[in-house]
Trainee: 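Structure in C-alpha cells, see below.
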Amino acid sequence: MKKFFSNLAIKFQRFMYGRYGFDRLYRGLLLIYLAVIILALILGKTIDTRIYSALSIAGLAIVIFAFFRVFSKSIEKRRRENEKWLVFENAVNKHFRLLRDRWKFRKTHVFRRCPKCKAVLRLKRIKGSHKVSCPHCKEDFKVKVLL
C-alpha cells in the first residue's frame, strides 16, 4: 500500500512538471469561492432560490478558473496575474493594518496625512499646535491636536 501511494506521488510530480502550480492568487480564489458559497447558502434560503443558483454558478466558475491556473503551462502569464493580485492584496492589507493601528492607538496617538505625499503619520496625542516633519518627503507642516 505504501508503494502504491509512493508511485502515485511520483506520477503526480511528473504530471505537474512544467505547469504553474499553487500560488497566493489560487488561495485567494478559494477564499472568494468559500465566501460566495456561504453567501449563496444564506441568501438562497432567506430571499430567493434564483440567487442561490446564480451565486453557485459564479462559485463554480471561480473554482474552475483557480484549477485552470494551477494546471496551466503558461507560466509567465500566471506569474503576471499573481503579481497583480499581490499588489491588490498588499493594498487591502495596508488599509486594514491602518484601521487596526488607528483603533489600537486611539487613546495615545492621532493620525494625520502629510499634505505633500499623503503618507499617514502617527503622532503623539499632545494638545496644541505642533510643527511636524514628514519622514517620507521631509515636508514641514503644522498640525493642531484637540483632545
Side-chain angles (χ1 to χ4, degrees), residues 1-127 130 132 134-137 139 141 143-147:
M1 191 62 139
K2 188 176 181 181
K3 187 175 181 178
F4 172 75
F5 286 114
S6 176
N7 288 340
L8 194 61
I10 291 170
K11 287 180 182 178
F12 184 70
Q13 286 174 349
R14 285 185 185 148
F15 173 73
M16 287 300 291
Y17 183 77
R19 298 180 191 276
Y20 187 68
F22 306 101
D23 61 2
R24 295 287 295 261
L25 177 53
Y26 172 77
R27 282 191 258 153
L29 287 171
L30 289 184
L31 287 175
I32 292 169
Y33 164 74
L34 185 64
V36 167
I37 291 301
I38 290 172
L39 191 65
L41 289 172
I42 293 169
L43 295 179
K45 298 268 187 198
T46 58
I47 297 175
D48 191 4
T49 56
R50 288 179 286 182
I51 293 174
Y52 175 78
S53 300
L55 288 175
S56 296
I57 291 170
L60 184 62
I62 290 169
V63 166
I64 289 171
F65 178 65
F67 281 107
F68 164 76
R69 290 187 75 260
V70 168
F71 298 121
S72 173
K73 289 188 175 186
S74 302
I75 293 174
E76 189 56 32
K77 287 181 183 177
R78 303 295 88 84
R79 188 195 62 75
R80 283 195 303 267
E81 290 170 354
N82 189 52
E83 198 173 286
K84 289 177 186 175
W85 171 259
L86 290 176
V87 168
F88 170 75
E89 185 179 348
N90 288 335
V92 170
N93 287 341
K94 183 179 178 181
H95 175 72
F96 282 106
R97 273 193 308 271
L98 178 61
L99 288 176
R100 182 198 66 201
D101 287 347
R102 282 183 182 230
W103 179 255
K104 186 177 179 181
F105 298 111
R106 70 190 181 281
K107 294 181 180 178
T108 58
H109 293 82
V110 293
F111 290 81
R112 299 288 187 263
R113 285 199 180 272
C114 171
K116 185 176 179 186
C117 70
K118 307 297 184 210
V120 178
L121 307 177
R122 186 179 72 178
L123 309 168
K124 290 261 187 204
R125 186 182 289 270
I126 301 171
K127 186 177 181 177
H130 306 282
V132 178
C134 177
H136 300 281
C137 67
E139 175 78 12
F141 59 97
V143 172
K144 198 171 200 178
V145 177
L146 304 172
L147 292 178

Trainee: Quick check: closest heavy atoms across V110 and K124, and the distance to 0.1 Å?
Mentor: CG2-O, 4.4 Å

Trainee: Could you measure the distance from the CD1 atom of I38 to the CG atom of L41? Nearest 0.5 Å is fine.
Mentor: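 With rounding to 0.5 Å, CD1 (I38) is 7.5 Å from CG (L41).
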
Trainee: By side chain to side chain contact (heavy atoms under 4.5 Å, CB included), which residues pair with Y26, not counting sequence neighbours?
Mentor: F22, D23, L30, A66, F67, V70

Trainee: If you take all heavy atoms of H136 and A119, which pair is closest and at what distance?
Mentor: CD2-CB, 3.4 Å

Trainee: By ring pair (Phe, Tyr, Trp, His ring centres under 6.0 Å), which residues pair with F65, not counting sequence neighbours?
Mentor: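 Result, ring pair (Phe, Tyr, Trp, His ring centres under 6.0 Å) vs F65: none returned.
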
Trainee: For residues 105-122, pull every pair meeting side chain to side chain donor-acceptor pair (under 3.5 Å), keeping only residues two or more places apart or in separate chains.
Mentor: none

Trainee: Listing request: all salt bridge (charged side-chain N to carboxylate O under 4.0 Å, His left out) pairs with a residue in residues 4-22, at least two apart in sequence or in separate chains.
Mentor: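 As it turns out, there is no salt bridge (charged side-chain N to carboxylate O under 4.0 Å, His left out) pair with a partner in residues 4-22 once direct neighbours are skipped.
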
Trainee: Taking only residues two or more places apart in sequence or in another chain, which ones pass salt bridge (Lys or Arg N to Asp or Glu O under 4.0 Å) with R50?
Mentor: D48

Trainee: Write out all pairs satisfying salt bridge (charged side-chain N to carboxylate O under 4.0 Å, His left out) with one or both partners inside residues 79-91, taking only residues at least two apart or from two chains.
Mentor: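 Qualifying pairs, neighbours excluded: R24-E89, R69-E81, E76-R79, E76-R80, R78-E81, R79-E83.
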
Trainee: Suppose we screen for side chain to side chain contact (heavy atoms under 4.5 Å, CB included). Which residues come up paired with L98, at least two apart in sequence or across chains?
Mentor: R102, F111, V120

Trainee: Atom CD1 in I37, atom CG in L60: separation rounded to 0.5 Å?
Mentor: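 Answer rounded to 0.5 Å: 8.0 Å.
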
Trainee: Do other residues, nucleotides or ligands put more than 12 heavy atoms under 6.0 Å from Y20 OH?
Mentor: yes

Trainee: Give me the atom names and distance for the closest heavy-atom approach of G18 to I75.
Mentor: O-CD1, 3.8 Å

Trainee: For P135 and L121, which heavy atoms make the closest approach, and how far apart are they?
Mentor: CD-CD2, 3.6 Å

Trainee: Could you give the distance from CG (N93) to CZ (F88), rounded to the nearest 0.5 Å?
Mentor: 9.5 Å

Trainee: Roughly how far, to the nearest 0.5 Å, is CG of N90 from CZ of R97?
Mentor: 7.0 Å

Trainee: Going by the rule side chain to side chain contact (heavy atoms under 4.5 Å, CB included), which residues pair with F96 if we only count those two or more places apart in sequence or in a different chain?
Mentor: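 If we apply the side chain to side chain contact (heavy atoms under 4.5 Å, CB included) test to F96, skipping adjacent residues, the hits are V92, L99.
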
Trainee: Which value, rounded to the nearest 0.5 Å, describes the distance between I51 atom CD1 and T46 atom OG1?
Mentor: 7.5 Å

Trainee: Taking all non-hydrogen atoms of both residues into account, name the closest pair between V145 and I126 and its distance.
Mentor: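 V145 and I126 have their closest heavy atoms at CB-O, 3.3 Å.
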
Trainee: According to ring pair (Phe, Tyr, Trp, His ring centres under 6.0 Å), who are the partners of F15, at least two apart in sequence or on a separate chain?
Mentor: F71

Trainee: Would you list the atom pairs, donor with acceptor, under 3.5 Å between side chains in residues 3-10 and any protein atom, with sequence neighbours excluded?
Mentor:
unit_1	atom_1	unit_2	atom_2	d
N7	ND2	K3	O	3.4

Trainee: State the NZ-NZ distance between K144 and K127, to the nearest 0.5 angstrom.
Mentor: 10.0 Å

Trainee: Which residues pass the side chain to side chain contact (heavy atoms under 4.5 Å, CB included) test with I32, not counting sequence neighbours?
Mentor: V36, I62, W85

